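Comments concern the structure below.
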Protein chains: 2
Amino acid sequence: MADHVDQVLAQWAVRRPDLDVSPMAVIGRLSRLSRLVDAELRRTFTAHGLDAASFDVLATLRRSDPPHSLTPAELMRSSMVTSGAITQRLDRLEARGLVSRSPSASDGRSVVVALTGAGRDLIDEALPDHVATEARLLAALTEGERDALATVLGTLLESLGEQSGTSGKGEQGGKGEQSAKDGKA
Amino acid sequence: MADHVDQVLAQWAVRRPDLDVSPMAVIGRLSRLSRLVDAELRRTFTAHGLDAASFDVLATLRRSDPPHSLTPAELMRSSMVTSGAITQRLDRLEARGLVSRSPSASDGRSVVVALTGAGRDLIDEALPDHVATEARLLAALTEGERDALATVLGTLLESLGEQSGTSGKGEQGGKGEQSAKDGKA
DNA sequence: CCCAGATGTCTTAGCGCTGAGATACATTGC
DNA sequence: GCAATGTATCTCAGCGCTAAGACATCTGGG
């Protein structure tokens with residue numbers, strides 16, 4: 001397997017033999033693969049009139065408890081983007097009638113974002129295609145390789161401080177108001 | 001050890017038990033990990049007055065044959081961004097005196113981009129920090145795990161570099177344009 | 001030689017994100 | 001009560017990228 005990253009490693013070995021660039025074998029491939037995967041997923045989103053950012057929000061709402069509503073702060077934590085990005089995502093989705101915003105009853109600063117019927121229909125229609133695309137992207141791996149990959153990536157995520165919010169350390173306060181995590185799965 | 005992606009999987013199992021969302025265990029973690037890694041690498045770049053895009057170009061030039069020069073088209077293929085992005089990256093680097101552009105002697109359409117002395121100094125100074133950061137990001141893995149990870153990611157990259165769409169269900173709009181261009185031969 | 005299509009570079013409009021900060025409300029300690 | 005601090009949302013300028021396309025130049029088949 002002489003892929004692009006192997007070439008890069010070979011070039012560095014000549015140009016900078018003093019450096020141990022072996023970490024690039026992992027990080028470089030991770031980076032390139034992520035780009036390719038993103039580009040491929042985007043095609044599915046586009047086919048359903050969506051983009052990754054919109055899909056992320058709709059999917060996060062969809063998998064939360066009925067009536068599929070969360071606050072912008074929760075969406076922000078789930079998607080790893082800034083609050084400004086969430087505001088703008090919601091502006092776009094609201095303008096299309098896919099989500100609604102209403103004032104929170106319990107917190108005067110906050111807003112409740114809910115899936116509309118149209119939003120739910122759209123995400124429910126796009127989801128099967130999305131997971132099919134993901135499955136196709138992984139088709140080259142055996143089930144054992146897939147599991148091993150998921151495990152190793154999980155190890156790395158944990159080591160980098162990715163916390164699960166409602167599990168692990170068990171330090172959750174009563175209402176545990178940190179449901180949906182992660183975006184673009 | 002339940003990370004965010006495990007929670008997402010558990011939520012989907014409740015909300016959409018009809019779907020097999022297991023591919024998300026890999027793709028979701030890949031996506032999140034890539035975000036975290038990018039954010040971490042950016043700190044090293046910033047410490048050297050660079051960003052990921054500039055580092056990418058300088059490093060690509062640095063590891064090419066002396067006199068460390070390539071054409072924009074070659075840089076484009078290596079970095080997986082569009083030609084417009086390369087033009088703008090080069091504009092920025094040229095304005096800082098880190099690269100130079102001169103007309104190609106052999107092809108009237110083309111341009112030769114070369115590292116300047118300042119550009120070479122900067123990338124040579126940033127590189128050790130960069131690989132050290134990468135090594136630190138992987139510190140949680142054993143050498144065996146790192147090798148296995150690199151191998152599996154390589155398998156995926158190759159499978160996507162060759163397939164690049166036009167497979168799977170026929171319902172999708174099957175325009176296998178580009179999207180999965182890898183810099184390999 | 002000439003033309004049609006391929007290729008290389010650059011241009012521009014538009015998009016989504018970040019980072020900094022404004023504003024309003026909530027919570028805590030005293 | 002009230003000030004100090006924390007939290008939630010939104011605003012906005014700036015940035016880098018993409019998509020589409022404008023040109024110029026190259027290449028190969030009549």
Side-chain angles (χ1 to χ4, degrees), chain A residues 31 34-36 38-43 45-46 49-57 69-96 99-113 173-175 177-178 183-184, chain B residues 31 34-36 38-39 41-43 45-46 49-57 69-96 99-113 175 177-181:
Chain A
S31 173
S34 183
R35 269 184 177 278
L36 288 176
D38 283 352
E40 202 62 29
L41 295 183
R42 187 169 56 233
R43 295 168 31 143
F45 298 145
T46 300
L50 288 169
D51 52 40
S54 295
F55 183 93
D56 182 25
V57 171
S69 60
L70 295 169
T71 67
E74 289 166 335
L75 289 167
M76 178 179 64
R77 285 188 282 266
S78 168
S79 61
M80 298 174 34
V81 296
T82 61
S83 63
I86 292 294
T87 297
Q88 291 171 41
R89 289 179 177 192
L90 294 177
D91 287 346
R92 299 193 293 270
L93 290 169
E94 193 178 29
R96 293 182 59 188
V99 306
S100 65
R101 274 196 273 214
S102 49
S104 166
S106 58
D107 189 331
R109 298 163 300 178
S110 192
V111 162
V112 173
V113 180
K175 346 193 58 193
E177 205 38 56
Q178 283 198 280
K184 61 182 61 169
Chain B
S31 174
S34 183
R35 266 184 176 279
L36 289 175
D38 284 352
L41 295 182
R42 187 170 56 233
R43 294 161 45 141
F45 298 146
T46 301
L50 288 169
D51 53 39
S54 295
F55 183 93
D56 182 27
V57 170
S69 60
L70 294 170
T71 66
E74 289 167 331
L75 288 167
M76 178 179 65
R77 285 188 282 268
S78 170
S79 63
M80 302 171 61
V81 296
T82 61
S83 62
I86 292 294
T87 296
Q88 292 171 41
R89 289 179 176 191
L90 294 177
D91 287 346
R92 299 195 290 272
L93 289 168
E94 193 178 28
R96 293 182 59 188
V99 306
S100 64
R101 275 195 272 213
S102 48
S104 166
S106 58
D107 187 332
R109 299 163 299 178
S110 193
V111 161
V112 173
V113 180
K175 44 172 33 187
E177 253 299 57
Q178 29 133 223
S179 91
K181 224 46 174 52

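Note that the structure is predicted; figures quoted are calculated from it, not measured.
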Quick test: give all pairs of protein nitrogen or oxygen and nucleotides 2-7 of chain C nitrogen or oxygen below 3.5 Å, distance rounded to 0.1 Å.
| unit_1 | atom_1 | unit_2 | atom_2 | d |
| --- | --- | --- | --- | --- |
| C/dT7 | O2 | B/Arg109 | NH1 | 2.7 |

* Donor-acceptor under 3.5 Å (A/Gln88 side chain, A/Ala85 main chain) -> no

* Asked: Taking atom P of D/dG14 as reference, at what distance in whole Å does atom CD of A/Gln88 sit?
  -> 15 Å

* Asked: Side-chain contact, heavy-atom cut-off 4.5 Å: B/Leu90 with B/Arg101?
  -> yes

* Has the side chain of B/Ser83 got a donor or acceptor atom sitting under 3.5 Å from an opposite partner on the base of C/dC10? -> yes

* Asked: Would you say the side-chain atoms of A/Thr46 pair up with the backbone N or O of A/Arg42, donor to acceptor, closer than 3.5 Å?
  -> yes

* Asked: Going by distance alone, is a donor N or O of one side chain under 3.5 Å from an acceptor N or O of the other, for B/Ser110 and B/Ser104?
  -> no

* To do: Ignoring the backbone of A/Ala73, work out which of C/dC10, C/dG8, D/dT9 is nearest its side chain.
  => D/dT9

* Structure fact -> Among the nucleotides D/dC17, C/dT11, D/dT9, whichever has the atom closest to the side chain of B/Thr87 is C/dT11

* To do: Give the rounded distance in Å between these two atoms: CG of A/Leu93 and C1' of C/dC15.
  => 15 Å

* Asked: What nucleotide, of C/dC10, D/dC17, C/dC17, holds the atom closest to the side chain of B/Ala53?
  -> D/dC17

* So do the side chains of A/Ser79 and A/Ile86 get within less than 4.5 Å of each other, counting heavy atoms only? -> yes

* To do: Would you kindly compare A/Gly84 and A/Asp107 by the position of their nearest DNA chain D nucleotide and give the one closer to the 5′ end?
  => A/Asp107

* D/dT18 phosphate, OP1 or OP2, under 4.0 Å from A/Arg42 side-chain N/O -> no

* To do: Could you check whether B/Ser104 gets within reach of a base, just the sugar-phosphate, or nothing at all, counting any heavy atom under 4.0 Å?
  => nothing

* Asked: Which of the following nucleotides, D/dG16, C/dA26, D/dC17, is nearest to the side chain of B/Ala85?
  -> D/dC17

